[in-house]
Participant: 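Before I ask anything, let me first share the structure, which is written out below as structure tokens.
Naming: A, B, ... by sequence-line order, numbering from 1 per chain. Scope of the values below: all heavy atoms of this structure, side chains included, with no hydrogens, waters or symmetry mates.
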Amino acid sequence: MGRSPISDKNGIKKGPWTPEEDMKLTQYIQMHGPGNWRSLPKNAGLERCGKSCRLRWTNYLRPDIKRGRFSFEEEETIIQLHSVLGNKWSAIAAKLPGRTDNEIKNYWNTHIRKRLLGKGIDPVTHAPHLNLFDLSSSLINLHDQFNLSNLFRLQTLVNPEALRLAATLLASNPEIPRT
DNA sequence: AAAGGATCCAACCGCAAGAGT
DNA sequence: AACTCTTGCGGTTGGATCCTT
């Protein structure tokens with residue numbers, strides 16, 4: 001999985017880490033601590049950039065990392081925190097011991113996001129996602145006097161965000177003239 | 001069994017913020 | 001104040017694996 005090994009013109013290796021590289025990095029950090037990432041690869045005998053070493057350590061090699069599937073509780077925590085913090089993955093990761101921001105971000109994009117969409121919840125705003133039918137029902141309920149010709153005119157708007165905005169405006173401003 | 005589309009996730013990239021000079 | 005260097009973050013990519021037809 002991942003990318004095929006590449007070396008750039010400076011001899012810096014890219015792509016998947018080998019077990020030997022993992023071992024070198026782990027042993028070096030165990031002896032000296034993470035310290036200066038820029039000088040670490042050279043000192044540890046790795047042909048990697050410091051950025052790559054830091055990423056590998058923080059997302060994969062750190063001993064406190066909890067691997068494996070997310071529990072239901074963790075998933076609920078992520079959803080709750082995301083509703084407050086948005087895409088602040090590092091802040092969310094800080095509340096989930098043993099989980100990395102990258103892991104949470106991946107899990108969000110591949111599992112949770114789809115689950116929320118399936119439930120009709122907007123994964124960005126965490127608000128129920130209204131479709132055209134829901135919108136028409138809502139508008140009719142909110143405004144008894146709203147007539148069908150106006151409703152059909154609104155439905156020609158394709159952008160669901162625009163439709164939701166319209167519904168919000170109508171709900172909060174009963175004085176808006178409806179011709 | 002084979003093809004190809006979908007899914008998953010490790011790793012990369014670009015940018016911004018903070019530290020040091 | 002201005003510049004450079006380093007680190008950290010969020011978004012995106014690439015390719016292995018899984019799934020469906």
Participant: At 4.0 Å (heavy atoms only), tell me whether Thr58(A) reaches a base, stays on the sugar-phosphate, or touches nothing.
Facilitator: nothing
Participant: Before accepting this row, confirm whether a basic side-chain N of the pair Lys66(A)/Glu103(A) lies closer than 4.0 Å to the acidic partner's carboxylate O.
Facilitator: no
Participant: Does Arg56(A) pair with Glu21(A) as a salt bridge, N-O distance under 4.0 Å?
Facilitator: no
Participant: Measuring to OP1 and OP2 of dC12(B), would you say a side-chain N or O of Arg48(A) lies under 4.0 angstrom away?
Facilitator: yes
Participant: dG11(C) base to Lys105(A) side chain: any donor-acceptor pair below 3.5 Å?
Facilitator: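 Counting by modelled atom types and ignoring angles, a donor-acceptor contact under 3.5 Å is found here.
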Participant: With a 4.0 Å cutoff (strictly under), does any side-chain N or O of Lys88(A) reach OP1 or OP2 of dG11(C)?
Facilitator: no
Participant: For Asn87(A), report the nucleic acid contact type (base, sugar-phosphate, nothing); a contact means any heavy atom under 4.0 Å.
Facilitator: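 Result for Asn87(A) = sugar-phosphate.
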Participant: On the nucleotide dG11(C), are OP1 or OP2 found under 4.0 Å from the side-chain N or O atoms that Trp89(A) carries?
Facilitator: yes
Participant: Could you tell me whether Arg48(A) sits above the aromatic face of Trp17(A), with NZ or CZ closer than 6.0 angstrom to the six-membered ring centre and within 45 degrees of the axis?
Facilitator: yes
Participant: Considering only heavy atoms and no angle criterion, is a donor-acceptor pair shorter than 3.5 Å present between the side chain of Asn59(A) and the base of dA11(B)?
Facilitator: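 By the distance-only test, no, there is no pair.
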Participant: Between Asn102(A) and dC12(B), is there a side-chain N or O to OP1/OP2 distance below 4.0 Å?
Facilitator: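 Looking at the OP1 and OP2 atoms of dC12(B), neither is under 4.0 Å from any side-chain N or O of Asn102(A).
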Participant: In terms of heavy-atom contacts, does CZ of Arg67(A) have more than 12 from other residues, nucleotides or ligands at under 6.0 Å?
Facilitator: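 It does: Arg67(A) CZ has more than 12 such atoms within range.
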Participant: Do the side-chain N or O atoms of Ser52(A) get closer than 4.0 angstrom to the phosphate oxygens (OP1, OP2) of dA11(B)?
Facilitator: no
Participant: OP1 or OP2 of dT7(B) versus the side-chain N and O atoms of Thr110(A): is any pair under 4.0 Å?
Facilitator: no
Participant: Ignoring hydrogens and angles, are the base of dG14(B) and the side chain of Lys51(A) linked by a donor-acceptor pair under 3.5 Å?
Facilitator: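 Yes, a donor-acceptor pair under 3.5 Å.
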Participant: Between dG8(C) and Trp37(A), is there an OP1 or OP2 to side-chain N/O distance shorter than 4.0 Å?
Facilitator: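 Yes, such a contact exists.
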Participant: Does a side-chain N or O from Arg38(A) land closer than 4.0 Å to OP1 or OP2 of dT6(C), or not?
Facilitator: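 It does, given that an N or O in the side chain of Arg38(A) lies less than 4.0 Å from OP1 or OP2 of dT6(C).
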Participant: Whole Å only: how far is the CH2 atom of Trp17(A) from the C1' atom of dA10(B)?
Facilitator: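 The distance from CH2 of Trp17(A) to C1' of dA10(B) comes to 12 Å, rounded to the nearest Å.
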Participant: Parallel, tilted or perpendicular, judged at 30° and 60°: which one describes the rings of Tyr107(A) and Phe70(A)?
Facilitator: parallel
Participant: Nearest to the side chain of Lys114(A), which nucleotide is it out of dA11(B), dT7(C), dT7(B)?
Facilitator: dT7(B)
Participant: Please check the phosphate of dA10(B) (OP1 and OP2 only) for any side-chain N or O of Arg67(A) closer than 4.0 Å.
Facilitator: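 So the side-chain polar atoms of Arg67(A) do come within 4.0 Å of the phosphate oxygens OP1 or OP2 of dA10(B), strictly under.
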